[in-house]
Every structure is written in C-alpha cells, then in structure tokens.
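Index from 1, following the sequence.
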Amino acid sequence: MKIFIDTANIEQIKEAASWGILDGVTTNPTLVAREKRNFVELVKEIHEIVDGPISAEVVSLNAPAMVEEARRLAGIGKNIAVKIPLTCDGLKAVKILSREKIMTNVTLCFSATQGLLAAKAGATFISPFIGRLDDIGHEGMNVVRAIKQIYANYGYKTQIIVASIRHPLHVLEAARAGADIATVPFDVLEKLLKHPLTDIGIDRFLRDWQKLSDKEKNF
Ligand code: E4P
C-alpha cells in the first residue's frame, strides 16, 4: 500500500519524505488555509519535495470552471492530481480531464455508488472519507471494501485512497482491505512508527552492551 501524507505543511512533508516511506501528498482547502501562504507557490514547493502524486483541490462548483482551474493546477507539474468534489458537475469535469490525461482525485466520497460513478467518469483516484463516516456512526471502511470489490468486478483502474484517517487502526484496516493508498496525517504517521517496546528494547540492548570491555566491544 502506498502512503501519502495528508497535509500542506512543508516541515511535515519534508520530515515524512526523509523517512523514505512517502509516496505522495494530499491537500485540501482547509489544510492549505492553515498554512497562510499563496496556494500555487505552496503546491509548487510541495511538488519539488515529493516525487509522487500531489493532490490540489479546485474550489469552483460548475464543470467548466472546475476544468479551467484544473488545467491551471495541472500546469504546475506532471505529478499534480486535481481534486474534484463528487458532484454531478464534478463527474462532468472528471470526464473531460481524463480525456486530457490530467490526473484527478475525486474527493468527498461517502458511498460505494459514488465510487462507481467516479470510476466510470475516468477518475485516477477515488477518496472515500472514512473518518467522517465513522464520526456519524457509520463504518467508513465498509465503503472502501465495497469500492474495492466493485472495481475488481469490472476491472476499473481507479486507485482507492483511504482518506480522513484518524488513527493507526484506520491505516491497518486500509491495508487489510487492499486499498491502493492511505493518506495519513503526520501525527498518525508518527503513531504508526512508535512502539514503547522498541524503545525499551533499545535501552536494554545498549545497557547490556556497556557491560563488555572495550576490547570485547571492538569490531
Ligand atoms: C483527503 O484527501 C482529505 O484531505 C482528508 O483526508 C480529509 O480528512 P478530515 O476528515 O480529517 O478533514
């Protein structure tokens, strides 16, 4: 499973990229607004750091304006995936953009039938928002499993990005469900890595190592 980071924060992106596990970045208008910077300059900077798909979202609501915005965003670089909301106009825009070979990430997906329509329109990526579904008492991961099954049934190439991830179990379940990608906030990435028994184990090994003489330690 590929791992994207779900942030527009340059320090977090650089840090995650330095771990050697980062395959891409997703942003959205809320994440960009937190950075208080020019949107295009921010996306350009992210594009220079990460050699994988970088999602940047349109804010227009009608198809012609979405397509226009998408073309400008795609002009930033070859790895830009334009995020388009899962509406009727969004589908129309995705169809046009897929013919132009512009990558799209269809966002705000909350049902498997929405996921089916996005694939039919030619989406490169589909982003089911599992955390927001869990928040309202649904089991978000069921949508991921259903979309996975539908895409397998009909051979759709659209890649599933599990989005709106809140904790490590979401990442674990995404991987078990066979999702193509999980987009993970930085704090959750850190939680995936950390285990107290690893830290305790290192301490114990180093303490025991110190029991050796200098001659015994030499290698
Ligand atoms: C994904 O592309 C979105 O940016 C993100 O996962 C939304 O998550 P949230 O529900 O935490 O805002």
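Relative ring orientation between Trp19 and Phe186 is described as tilted, the plane-to-plane angle lying within the 30° to 60° band.
To the nearest 0.5 angstrom, Arg176 atom CZ is 12.5 Å from Met1 atom CE. Within the model, atoms CG of Asn9 and CD1 of Ile46 stand 9.0 Å from one another, a figure rounded to the nearest 0.5 Å.
Looking at heavy atoms from C-beta onward, Glu190 lies out of side-chain contact with Glu15 at the 4.5 angstrom threshold. A 4.5 Å side-chain heavy-atom check between Ile130 and Val143 finds every atom pair outside the cut-off. Annotation: side chain of Ile165 is not in contact with side chain of Thr183 (no heavy-atom distance under 4.5 Å).
Closest approach of Val188 and Arg166 over heavy atoms only: CG2-O, 3.5 Å.
The side-chain contact (heavy atoms from CB on, under 4.5 Å) test with Asn105 is passed by exactly one of Gln159, Lys83, Glu57: Lys83.
Under a 3.5 Å cut-off, the side chain of Glu173 and the backbone N or O of Leu169 do not form any donor-acceptor pair. Tyr156 places no side-chain N or O within donor-acceptor distance of the main-chain N or O of Ala123, the cut-off being under 3.5 Å. In this structure a side-chain-to-backbone donor-acceptor pair under 3.5 Å is present from Glu69 to Ser60.
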For a side chain to side chain contact (heavy atoms under 4.5 Å, CB included) check, start with the C-alpha distance between Thr104 and Met66, then their side-chain angles and the critical distance, and finish with the verdict. CA-CA 11 Å; Thr104 52; Met66 282 178 182; over 6 Å; no
In sequence, state the C-alpha distance, the side-chain angles, and the governing distance for Lys191 and Asp187, and then conclude on salt bridge (charged side-chain N to carboxylate O under 4.0 Å, His left out). CA-CA 6 Å; Lys191 288 177 190 159; Asp187 66 307; 3.8 Å; yes
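Looking at Asp135 and Arg132, no side-chain N of the basic residue comes within less than 4.0 Å of a carboxylate O on the acidic one, giving no salt bridge.
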